[in-house]
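For reference, the structure discussed in these notes is given below.
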Amino acid sequence: ARAAEYEDLPMCPVLFVAASEEKRLEDILDAVGDRPVLIVGDTEGYPERGVMINLVVRDKKVKFQINHGAARRVGIEVDAQLLR
């Protein structure tokens, strides 16, 4: 897949990238670019690859992994309450 495939992504406030799209993650992130879109996923390693909020299950609880740099780069500030 190439970023061009995603050029017509509609403007949206949140984009969820499923595990099934892991191989295309970089193309998706390139297509979103610097638009202020909160990118959320649920796959190990996603935050290191540019996903802003990643949901993981630990001890039978859903936990958040936050990539502050990716969020700030597009002007999104993660609320302190979410970080608790």
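We count residues from 1, following the sequence as given.
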> Taking a hydrophobic cluster as the set of Ile, Leu, Val, Met, Phe, Trp and Tyr residues connected by side-chain heavy atoms closer than 4.5 Å, whether directly or through intermediates, do Ile39 and Val62 fall within one such cluster?
Replying inline: yes

>> Under the rule for salt bridge (charged side-chain N to carboxylate O under 4.0 Å, His left out), what residues qualify as partners of Glu48, not counting sequence neighbours?
In response: none

> Considering all heavy atoms of both residues, which atom of Asn54 and which atom of Pro47 are nearest to each other, and what is their separation?
Replying inline: CB-CG, 3.5 Å

>> To the nearest 0.5 Å, what is the distance between CD on Glu77 and CZ on Arg72?
In response: 5.0 Å

> Is the shortest heavy-atom distance from the side chain of Val32 to the side chain of Leu15 under 4.5 Å?
Replying inline: yes

> So, for Gly50 and Leu29, which heavy atoms are closest and what is the spacing to 0.1 Å?
Replying inline: CA-CD1, 4.0 Å

> With sequence neighbours excluded, what pairs up with Arg73 under the salt bridge (charged side-chain N to carboxylate O under 4.0 Å, His left out) test?
Replying inline: Asp34

>> If you compare all heavy atoms of Met52 against all heavy atoms of Ile76, which two are closest, and at what distance to 0.1 Å?
In response: SD-CD1, 4.1 Å

> Would you say Val56 and Gln65 make side-chain contact, with heavy atoms under 4.5 Å?
Replying inline: yes

> Looking at Leu38 and Ile53, what are the two nearest heavy atoms and their distance?
Replying inline: CD1-CD1, 3.9 Å

> Any donor and acceptor pair, going by atom type alone, linking the side chain of Arg35 with main-chain N or O of Ala31 inside 3.5 Å?
Replying inline: yes

> For Ala71 and Val78, which heavy atoms make the closest approach, and how far apart are they?
Replying inline: CB-CG2, 4.2 Å

> Is there a donor-acceptor pair under 3.5 Å between the side chain of Asn67 and the backbone N or O of Gly69?
Replying inline: yes

> With a 4.5 Å limit on heavy-atom distance, are the side chains of Val40 and Val51 in contact?
Replying inline: no

> What pairs meet the side chain to side chain donor-acceptor pair (under 3.5 Å) rule with one or both residues in residues 36-46, with sequence neighbours excluded?
Replying inline: Glu44-Arg58

